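This chain uses plain numbering: 1 for the first residue, then up along the sequence. Everything numeric in this text was worked out from a predicted model, so none of it was measured.
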Amino acid sequence: MSLTIYHDGQFWVGIIEVVEGGKLKAFRYVFGTEPKDTEILDFIYDRLLEVINQSVHAGMALTIATTLELSPT
C-alpha cells in the first residue's frame, strides 16, 4: 500500500494504491487545504481503511512486462 499526497493546482489530494490478489486498486482522497502532519496521520489511522472498504470495484489485473532482446542478424 502506498499513499502519495500532491497539490493538483487547486487542492491537496491523496492517492492510495493497494495491490490485493494480483489486482491494483487506486483511491483518491481530497484533503482541500495543505494538510499538516497530524492531519495526515489522523487520515491514516482513522479514515484510510474506510475509504478502501467503500470500494465496489474489483481493481485492475496486474501484468508483468517482459523485455525481449533481439540478436542482430
Side-chain angles (χ1 to χ4, degrees):
M1 178 185 317
S2 69
L3 170 63
T4 304
I5 298 174
Y6 69 96
H7 189 258
D8 71 357
Q10 185 174 6
F11 300 110
W12 286 87
V13 177
I15 299 294
I16 303 113
E17 296 174 280
V18 180
V19 176
E20 234 176 41
K23 294 190 176 192
L24 172 66
K25 294 182 180 183
F27 308 90
R28 181 175 183 257
Y29 181 83
V30 179
F31 285 97
T33 60
E34 183 174 6
K36 297 179 182 172
D37 291 346
T38 55
E39 292 171 310
I40 295 169
L41 289 174
D42 286 343
F43 170 74
I44 291 170
Y45 291 127
D46 298 331
R47 289 182 260 156
L48 180 62
L49 288 179
E50 180 181 322
V51 170
I52 292 171
N53 290 333
Q54 287 179 354
S55 171
V56 294
H57 300 288
M60 291 182 60
L62 294 177
T63 56
I64 298 174
T66 58
T67 57
L68 300 175
E69 292 185 28
L70 301 175
S71 59
T73 55

| said: So for atom OH, which belongs to Tyr6, do other residues, nucleotides or ligands contribute more than 12 heavy atoms lying within a distance under 6.0 Å? | reply: yes

| query | Counting only heavy atoms not in Asp37, do more than 12 fall under 6.0 Å of its CG? | reply | no

In Å, rounded to the nearest 0.5 Å, how long is the span from [atom1] of [X] to [atom2] of [Y]?
| X | Y | atom1 | atom2 | value |
| --- | --- | --- | --- | --- |
| Asp42 | Leu48 | CG | CG | 12.5 Å |
| Glu39 | Ile5 | CD | CD1 | 10.0 Å |
| Ile44 | Met1 | CD1 | CE | 9.5 Å |
| Ile16 | Ile52 | CD1 | CD1 | 6.0 Å |

Taking C-beta and beyond as the side chain, do [X] and [Y] meet within less than 4.5 Å on heavy atoms?
| X | Y | result |
| --- | --- | --- |
| Val51 | Phe43 | yes |
| Lys25 | Glu20 | yes |
| Arg28 | Asp8 | yes |
| Leu3 | Tyr29 | no |

| note | Between Trp12 and His7, the two heavy atoms sitting closest are NE1-CD2, 3.2 Å

| field | Verdict with reasoning, Phe27 to Val18, per side chain to side chain contact (heavy atoms under 4.5 Å, CB included) | value | CA-CA 9 Å; Phe27 308 90; Val18 180; 4.2 Å; yes

| How far apart are the C-alpha atoms of Glu17 and Val19, what are their side-chain angles, what is the distance that settles it, and do they pass the side chain to side chain contact (heavy atoms under 4.5 Å, CB included) test? | CA-CA 7 Å; Glu17 296 174 280; Val19 176; over 6 Å; no

